[in-house]
Amino acid sequence: MNKPKPLISAILNLNLHPKPLFSNPIHLMALTQTRTTHSDPPQNDAEDDVLCSNPEQTQEEQPSSPSLDETPSFVGSPGKYLTGVSRFERAWAHWTKLGRPKLIVAPMVDNSELPFRMLCRKYGAEAAYTPMLHSRIFNENPKYRSEEFTTCKEDRPLFVQFCANDPDILLEAARRVESHCDYVDINLGCPQRIARRGYYGAFLMDNLLLVKSLVEKLALNLNVPVSCKIRVFPKLEDTLKYAKMLEDAGCSLLAVHGRTRDEKDGKKFRADWNAIKAVKNELRIPVLANGNIRHMDDVRNCLEETGADGVLSAETLLENPALFAGFRTSNWVADNEKDSIDGKLDQADLVVQYLKLCEKHPVPWRMIRSHVHKMLGDWFRVQPQVREELNAQSRLTFEFLYGLVDQLRELGVQVPLHQKDDASATGNLAEVIGI
């Protein structure tokens, strides 16, 4: 195992406003927002402002969820995941206790909420992240807490992800949820305009001293381990220094998105699995891979090529929450792929199952609307007038949405999901990924 490089100690002792640390630093710049998880209908700047660092608080204050204490407290010894020579063993012991999940729902703003997580778990997901939560608003606004973070006893293992740029505020938010999750995760990878404006996510990559303080604050004070999700730097050596710094600060699990901050379009830029492999070889804690996961063949290939301890999927799960059960959409079935069969499941079936979960676990309608658009996107391309009917609804009801699915079926739309006519159809992880 490589020893920490001398440069790391120099990096961590720089002033609060250091000069660029890396050989090819990413400069702060105005970025055009491409919020792919909200392609239908488009989002406006008003929603961006909600998650910026100093938004106007216009939401009516309401009682918080009874599951989240207003004055949280904790038991046990704080910092048990950072102190002591066995912190790496502790990190692995915790991951092992959770079953070493390999198939994981990635964090997605507004799109990895409880009903969707439970739908993905039904179809093979072994762990999941919450949507990104804004730590300051989470502390200040009970309505935001009660609407944006919900969970249930079956919703485990669970990562609760926060964005933050203040260690004390982050710790306050983390303490509110630590008894309801298995990791508190710090978002260090969001590349969108909203993150630039709020100064969080991938825009903290230029201030390693601040990132270090965020991780250390949680690792020293929480009773659950701290995880982080990052993007890579343009140069591999910089990515490795960054990852090692996070591990040294107390991060117990690292998820690596194999694209840089400027590579926001996943369809245009391939994730760099070699960079993820290098991080995995450098660190002594569990490492997860994110990027290019579109079906179970990608899962198998990614795990083999990177050596990662699990994979995250985001965009593909939005269209196909049954991905981890071996189902794939028609655009990932080659014309000459003779071993592909009709999986006897389609996205309309998944929408109905999702709506039933939403009735059981209520969430804001904007989330439901977004998921319906994503899952029925292929169907709407066949019958675009049905999509326009959905867009015209200022207020949604479950009755309307169930009726919309019935309408598509009556119009003869059918876009089946497919499975490979082999072990992948069984959903058996060991057979699918070959480990």
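Residue numbers count from 1 along this sequence.
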* In plain terms, say whether Asp206 and Arg261 are close enough for a salt bridge, that is, a side-chain N and a carboxylate O under 4.0 Å apart. => yes

* Structure fact -> Heavy atoms of Cys228 and Val215 approach each other most closely as SG-CG2, 3.8 Å

* Leu396/Arg369 under side-chain contact (heavy atoms from CB on, under 4.5 Å): CA gap, chis, key distance, verdict -> CA-CA 8 Å; Leu396 291 178; Arg369 184 187 294 267; 3.6 Å; yes

* Contact check, side chains of Leu323 and Tyr123, non-hydrogen atoms, under 4.5 Å -> no

* To do: Could you pull out all residues at least two apart from Arg409 that satisfy salt bridge (Lys or Arg N to Asp or Glu O under 4.0 Å)?
  => Asp346, Asp349

* **Considering all heavy atoms, the nearest Cys181-Val160 contact** => CB-CG2, 3.5 Å

* Asked: Looking at Glu247 and Lys244, does any basic side-chain N land under 4.0 Å from a carboxylate oxygen?
  -> yes

* **Ile104 vs Leu288 side-chain heavy atoms within contact, under 4.5 Å** => yes

* Is the backbone of Trp92 close enough, under 3.5 Å, to the side chain of Thr96 for a donor and an acceptor to pair up by distance? -> yes

* Please find out if less than 6.0 Å separates the ring center of His371 from that of Tyr354. => yes

* Stepwise, does the side-chain contact (heavy atoms from CB on, under 4.5 Å) test hold for Leu222 with Arg175? -> CA-CA 7 Å; Leu222 292 183; Arg175 282 175 167 168; 4.0 Å; yes

* To do: Taking Asn165 for its side chain and Tyr199 for its backbone only, find out whether a donor-acceptor pair lies under 3.5 Å.
  => yes

* **Shortest non-hydrogen contact between Val177 and Phe149, atoms and distance** => CG1-CE2, 4.1 Å

* Structure fact -> Residues at least two apart in sequence or cross-chain that pass side chain to side chain donor-acceptor pair (under 3.5 Å) with Gln161, listed by chain then number, are Asp185, Asn187

* Asked: In terms of side-chain geometry, is the basic nitrogen of Lys102 or Asp309 positioned less than 4.0 Å from the acidic oxygen of its partner?
  -> no

* Structure fact -> So the ring pair (Phe, Tyr, Trp, His ring centres under 6.0 Å) pairs with at least one residue in residues 296-319 (sequence neighbours excluded) are none

* Asked: Is Glu216 paired with Lys212 through a side-chain N to carboxylate O contact shorter than 4.0 Å?
  -> yes

* To do: Would you indicate whether the side-chain heavy atoms of Lys280 and Thr306 approach each other to under 4.5 Å?
  => no

* Donor-acceptor contact below 3.5 Å, side chain Trp273 vs main chain Leu303 -> no

* Asked: Counting only heavy atoms not in Glu154, do more than 12 sit closer than 6.0 Å to its CD atom?
  -> yes

* Just how far is it from atom CD of Gln419 to atom CE of Met296, taken to the nearest 0.5 Å? -> 11.0 Å

* Starting from the C-alpha separation in whole Å, work towards a yes-or-no answer on side chain to side chain donor-acceptor pair (under 3.5 Å) for Asn391 and His373. => CA-CA 9 Å; Asn391 289 340; His373 272 287; 2.8 Å; yes

* To do: Tell me yes or no: between the side chains of His295 and Asn320, is some donor less than 3.5 Å from an acceptor?
  => no

* Can you tell which of Leu171, Asp166, Leu170 makes a side chain to side chain contact (heavy atoms under 4.5 Å, CB included) with Asp168? -> Asp166

* Under 3.5 Å donor-acceptor, Arg100 side chain and Trp95 backbone -> no

* side-chain contact (heavy atoms from CB on, under 4.5 Å) evaluation trace for Val413 with Phe380 -> CA-CA 9 Å; Val413 181; Phe380 287 154; over 6 Å; no

* Structure fact -> Looking only at heavy atoms, the pair that brings Ser213 and Leu210 closest together is OG-O, 2.6 Å

* Salt-bridged, Lys97 to Asp182, with N to O below 4.0 Å? -> no

* **Pairing of Glu315 and Lys374 as salt bridge, 4.0 angstrom limit** => yes

* Is a side-chain donor-acceptor pair under 3.5 Å present for Arg259 with Asn292? -> yes

* Taking the side chain as every heavy atom from C-beta outward, state whether Glu148 and Asp110 have any pair of such atoms under 4.5 Å apart. => yes

* Tyr242 side chain reached by Val256 side chain, heavy atoms, under 4.5 Å -> no

* To do: Ignoring hydrogens and angles, tell me if any N or O in the side chain of Ser370 forms a donor-acceptor pair with the backbone of Met367 under 3.5 Å.
  => no

* Does Lys235 pair with Asp238 as a salt bridge, N-O distance under 4.0 Å? -> no

* Asked: Is the backbone of Ile137 close enough, under 3.5 Å, to the side chain of Asn141 for a donor and an acceptor to pair up by distance?
  -> no

* Any side-chain heavy-atom pair from His361 and Thr150 closer than 4.5 angstrom? -> no

* **Heavy-atom side-chain proximity of Leu312 to Tyr129 below 4.5 angstrom** => yes

* Can you check side-chain contact (heavy atoms from CB on, under 4.5 Å) on His257 and Val232, steps first, answer last? -> CA-CA 7 Å; His257 189 136; Val232 299; over 6 Å; no

* Taking Asn139 for its side chain and Ile169 for its backbone only, find out whether a donor-acceptor pair lies under 3.5 Å. => yes

* Pair Arg117-Glu113, salt bridge (Lys or Arg N to Asp or Glu O under 4.0 Å): steps then yes or no -> CA-CA 6 Å; Arg117 296 195 301 268; Glu113 81 292 349; over 6 Å; no

* Enter the distance from Arg395:CZ to Trp365:CH2 here, rounded to the nearest 0.5 Å. => 9.5 Å

* Ring centres of Tyr183 and Phe159 under 6.0 Å apart? -> yes

* Structure fact -> Heavy-atom nearest pair, Cys163 first then Met132, reads CB-SD, 3.6 Å

* So how far is it from Arg294 CZ to Glu319 CD, rounded to the nearest 0.5 Å? -> 12.0 Å

* **Cationic N near anionic O, under 4.0 Å, Glu172 to Arg145** => no

* **Minimum heavy-atom distance between Ile293 and Asp298, given as atom pair plus value** => CD1-O, 3.8 Å

* Asked: Tell me, do Asp297 and Arg300 make a side-chain contact under 4.5 Å, heavy atoms counted?
  -> yes

